Amino acid sequence: MVLFDSVKKEKREFIPQQEGVATLYVCGPTVYDDAHLGHAKSALVFDLLRRVLEANGYDVTYARNITDIDDKIIKKAQEQNKDIKEITDFYTAAFHKEMEAIGVSRPDIEPKATESLEAMYALIQNLIDKGYAYATDDGDVYFDTSKDSEYLSLSKRVQDDEDKQERVESSTLKKNQADFALWKSVKDNSVVFESPFGKGRPGWHLECSAMIEKHLAKEGSAFAVDIHGGGADLLFPHHENEAAQTRCATNHALAAYWIHNGFVNIDGEKMSKSLGNSFFLKDALKEYDGEVLRFYLLSTHYRSNFNFNTQDLLSAKKRLDKLYRLKKRLFGLAHNDEKTEFQAKLLEALSDDMNISTALALIDEMISTANETLDTAGKHKLLKRETLSNLAYIEKLLGFGVKNPFEYFQWGVESATKEQIDTLIEKRNDAKKEKNFELSDTLRDEILKFGVQLMDTPQGTFWEKV
RNA sequence: GGUGCCAUCGCCAAGUGGUAAGGCCGCAGCCUGCAAAGCUGCUAUCCCCAGUUCAAAUCUGGGUGGCACCUCCA
């Protein structure tokens, strides 16, 4: 398969360091607030990447961290007069619950910063020993960017001297403007950790390097992980700094492939907390089925910026509906794991840097063909078997169509309402049997008032929420 | 200001040298008691200009218009 490497800026054939094995590390959330749609997009993209890697036969180890040490967490804890852990546990649990709702399975490893402090200390000490880091008089430890000749090689950024000089005057005790904190000394009573470098907190960039080193890096390999992923904004400075730390502290580079997903905007507006229009996943989940959100957020290529809006979401839902209607047509029939040409093509499309558009087009065509054949030759057994196995393949590879199709179409409808609808449908069917179409149409109008749609099929009358 | 990305049908969106996938919407038809669903058919020459080439949406140069990052951020 090929992946677009956002550092080399080209599609590259994916060749893992160890044949048949792929390691993937993705920057996870800082658990100080609810997950927004951007977190959802990122998690979905890498969930898909993992699935595609697995479908290509790789034994994947996927790690995504939880940042549970951070100034914003501390601030929130102080504001709400709560314990840090209370905050982080709460948002971690919420994150897991919401990810599950959009079909994102848990990573194999989910390291927390608070559980990786020893690895961080070791990394800092290592950098100090090798002369890549220095402590300041006020107790901070900084990474010395001037010592790393490859610094900025990831983001291809150019140091701006004028800019640098301007800021130096108002700066701290850093040697270079670009130097970043590995350890921040903390003097007040807020959360502190006892380290060999004094009381304080680790720098954000350090966490990922340390966790990767602890959980994924193998002795003697050229790269700590095969693939490192995250949101597009993380390339600089976060990943740049991570890479510098790892490069200088160990004898391997951080990652062989870098994958960055595009951003989510809302109705054309940048989603950011400071602007106050952030869209929380938990709110979206109140209005829409998690799988619809999954389908919609994944329906555009992962590197494109994504403009979230209701119109497009509903358009995407209609597309997913078609998949579920086909499932409904074939409901209850057993399938086997038959290999089909469709499946091969689908995997081929997704193996090309996760070309979801081509994949969805293939799915649409498969659905049309299946429906057409079912219309004209309803008893076509081979086709049914193949279609069922195709649907199962889509479920596994993309996580689309995982629900019971009848429940999918009745999402969000109260059971009392369902009973009312079913009763009216029975009455209408009686009227239809008697060819009393006037009555049956009146009853249908009543049913439609519930915001549902009716469908008369050879298997009976079904309804769907509009 | 620096760096980088993008511009394809009303909307969403693939394709990156050989004469434009798919979805939504729309129109016509088949099916249906009527609908809905499903199916069939129809609808773009790819922001502008110049160039390279037998051949360009796809490469080069210029222009115009969007956007992102450079600060915590998925």
Side-chain angles (χ1 to χ4, degrees), chain A residues 6 9 11 26-30 32-33 35-46 64 67 70-72 75 152 155-163 167 178 204 229-238 240 260-265 268 270-274 278 281 295-296 299-307 309 311-322 325-326 328-329 349 352 355-365 367-376 409 432 435-438 440-441 444-445 448 452-458 461-464 466:
Chain A
S6 38
K9 298 199 186 299
K11 278 191 188 179
V26 176
C27 294
T30 301
Y32 72 103
D33 205 349
H36 56 227
L37 293 169
H39 292 110
K41 169 85 183 176
S42 182
L44 284 165
V45 163
F46 293 104
R64 184 186 59 208
T67 299
D70 186 271
D71 288 351
K72 278 176 286 204
K75 190 178 166 215
L152 300 182
S155 56
K156 312 274 194 302
R157 215 162 282 276
V158 182
Q159 294 266 21
D160 189 326
D161 288 340
E162 287 179 33
D163 189 34
R167 290 193 207 168
W204 173 48
D233 57 327
L234 295 181
L235 178 57
F236 186 87
H238 185 52
E240 185 73 60
H260 290 95
N261 65 275
F263 259 47
V264 178
N265 297 324
K270 183 184 154 121
M271 179 173 56
S272 78
K273 284 175 185 150
S274 55
S278 69
L281 180 55
F295 186 90
Y296 175 46
S299 67
T300 297
H301 188 83
Y302 74 89
R303 274 188 281 118
S304 306
N305 283 330
F306 191 94
N307 186 33
N309 67 82
Q311 187 198 332
D312 292 349
L313 184 145
L314 293 176
S315 162
K317 180 184 180 301
K318 285 181 183 174
R319 204 172 185 181
L320 180 60
D321 285 352
K322 288 165 74 156
R325 290 208 185 91
L326 180 59
K328 217 156 68 162
R329 274 185 102 163
D352 178 12
N355 189 330
I356 191 75
S357 289
T358 301
L360 292 181
L362 287 165
I363 291 174
D364 289 329
E365 278 160 20
I367 293 172
S368 280
T369 307
N371 273 323
E372 187 186 359
T373 316
L374 287 168
D375 280 353
T376 52
F409 284 112
K432 278 175 66 182
K435 302 224 184 282
N436 186 346
F437 296 122
E438 201 177 320
S440 81
D441 286 352
R444 178 165 60 199
D445 287 343
L448 262 41
V452 303
Q453 219 163 47
L454 274 192
M455 293 167 185
D456 295 326
T457 76
T461 301
F462 300 113
W463 62 271
E464 294 179 359
V466 179

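All of these numbers come straight from a predicted model, not from anything done at the bench. Worth knowing before you read on, the calculation uses all heavy atoms, side chains too, and leaves out hydrogens, waters and symmetry mates. Each chain gets a letter, A, B and so on, in the order its sequence line appears, and its residues count up from 1.
Comparing rA74(B) with rG4(B), their P atoms are spaced 25 Å from each other, to the whole Å. To the nearest whole angstrom, the two P atoms, one in rA7(B) and one in rA57(B), are 15 Å apart. With P as the reference atom, rC27(B) and rA37(B) are 13 Å apart, rounded to whole Å. Rounded to a whole angstrom, the distance from the P atom of rA35(B) to that of rG29(B) is 11 Å. Rounded to whole Å, the P atom of rC47(B) lies 15 Å from the corresponding atom of rA14(B). Only the P atoms considered, rC69(B) is 25 Å distant from rG63(B), to the nearest whole Å. When the C1' atom is compared between rG22(B) and rG15(B), the two are found 11 Å apart, to the nearest whole Å. Nucleotides rG10(B) and rG17(B) have their P atoms positioned 27 Å apart, rounded to a whole Å.
Each of V264(A) and E464(A) was assigned the nucleotide of RNA chain B with the nearest heavy atom; the assignment lying further toward the 5' end belongs to E464(A). Taking the nucleotide of RNA chain B with the nearest heavy atom to each of N309(A) and T30(A), the more 5' of the two is matched to N309(A).
A donor-acceptor contact under 3.5 Å is formed by the side chain of R444(A) with the base of rA35(B). In terms of polar N and O atoms assigned as donor or acceptor, the side chain of D321(A) never comes within less than 3.5 Å of the base of rC24(B) in a complementary pairing.
By the 5.5 angstrom centroid cut-off and the 30-degree plane limit, F263(A) is classified as not stacked against the base of rA68(B).
As the counterpart of rU64(B), rA7(B) is assigned, both hydrogen-bonding distances of the Watson-Crick or G-U wobble pattern falling under 3.5 Å. As the counterpart of rC69(B), rG2(B) is assigned, both hydrogen-bonding distances of the Watson-Crick or G-U wobble pattern falling under 3.5 Å. Under the Watson-Crick or G-U wobble criterion, with both distances below 3.5 Å, rA28(B) is paired with rU40(B). If you check rA20(B) for Watson-Crick or wobble pairing at under 3.5 angstrom, you find it has no partner at all.
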Kindly give the atom pairs (protein nitrogen or oxygen, nucleotide nitrogen or oxygen) under 3.5 Å for nucleotides 4-7 of chain B.
none

Could you list, one pair per line, each protein nitrogen or oxygen that sits under 3.5 Å from a nitrogen or oxygen of nucleotides 13-17 of chain B, together with the distance?
unit_1: rA13(B); atom_1: O2'; unit_2: S357(A); atom_2: OG; d: 2.8
unit_1: rA14(B); atom_1: O5'; unit_2: S357(A); atom_2: OG; d: 3.3
unit_1: rA14(B); atom_1: O3'; unit_2: N355(A); atom_2: ND2; d: 3.4
unit_1: rA14(B); atom_1: O2'; unit_2: T358(A); atom_2: OG1; d: 2.9
unit_1: rG15(B); atom_1: OP1; unit_2: N355(A); atom_2: ND2; d: 3.3

Exercise. Tell me, with the steps shown, if N371(A) and R329(A) meet side-chain hydrogen bond (donor to acceptor under 3.5 Å, both in side chains).
Key: CA-CA 9 Å; N371(A) 273 323; R329(A) 274 185 102 163; 2.8 Å; yes
Exercise. Under the side chain to side chain contact (heavy atoms under 4.5 Å, CB included) rule, what do H39(A) and L281(A) come out as? Steps first, then yes or no, please.
Key: CA-CA 8 Å; H39(A) 292 110; L281(A) 180 55; over 6 Å; no
Practice problem: Please step through side chain to side chain contact (heavy atoms under 4.5 Å, CB included) for the pair F46(A) and N261(A), ending with a clear verdict. | Solution: CA-CA 9 Å; F46(A) 293 104; N261(A) 65 275; 3.6 Å; yes
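Atom NZ of K156(A) sits in a crowded spot, with more than 12 heavy atoms from other residues, nucleotides or ligands closer than 6.0 Å.
Between the CD atom of Q453(A) and the P atom of rC34(B) there is a distance of 18 Å, given to the nearest Å. Atom pair L374(A):CG and rC30(B):P shows a separation of 22 Å (rounding to whole Å applied). Rounded to whole Å, the distance from CD on E240(A) to P on rU3(B) is 16 Å. For the pair L234(A) CG and rU71(B) P, the computed distance is 14 Å after rounding to whole Å. Following rounding to the nearest Å, R303(A) (CZ) and rA68(B) (C1') show an atom-to-atom distance of 15 Å. Spacing between atom CZ of R319(A) and atom P of rC11(B) amounts to 17 Å, rounded to whole angstrom units. In this entry the distance linking NZ of K270(A) with P of rA74(B) reads 11 Å, nearest Å. Atom CG in N371(A) sits about 18 Å away from atom P in rC31(B), given to the nearest Å.
Side-chain contact between R325(A) and F409(A) is present, with heavy atoms from C-beta onward closer than 4.5 Å. T457(A) is not listed as a side-chain neighbour of K328(A), based on a closest heavy-atom distance of 4.5 Å or more. Residues Y302(A) and I356(A) are not in side-chain contact: their nearest non-hydrogen atoms beyond the backbone lie 4.5 Å or more apart. In this structure, L454(A) and T461(A) have side chains that are in contact, with non-hydrogen atoms separated by less than 4.5 Å.
Nearest nucleotide to the Q311(A) side chain, out of rC11(B), rC39(B), rC34(B): rC11(B). When distances are taken from the side chain of F236(A) to each of rC24(B), rA37(B), rC70(B), the shortest belongs to rC70(B).
Under a cutoff of 6.0 Å and an axis angle of 45°, R157(A) and F236(A) form a cation-pi pair.
Look at D352(A) and K11(A) and you find a salt bridge, because one of the NZ, NE, NH1 or NH2 atoms lies within 4.0 Å of a carboxylate O, short of that distance.
Contact record, C27(A) with R64(A): C-CG, 4.3 Å, taken as the closest heavy-atom pair. Between K322(A) and I367(A), the shortest heavy-atom contact is O-CG2, 4.0 Å.
For K75(A) and rC72(B), the shortest distance from a side-chain N or O to OP1 or OP2 is not below 4.0 Å. Side-chain N/O atoms of R157(A) include none lying less than 4.0 angstrom from OP1 or OP2 on rG2(B).
At the heavy-atom level, K435(A) lies nowhere under 4.0 Å from the strands shown. Across all strands, G38(A) comes closer than 4.0 Å to base atoms (heavy-atom distances). Within 4.0 Å (heavy atoms only), K318(A) reaches sugar-phosphate atoms of the nucleic acid but no base atom.
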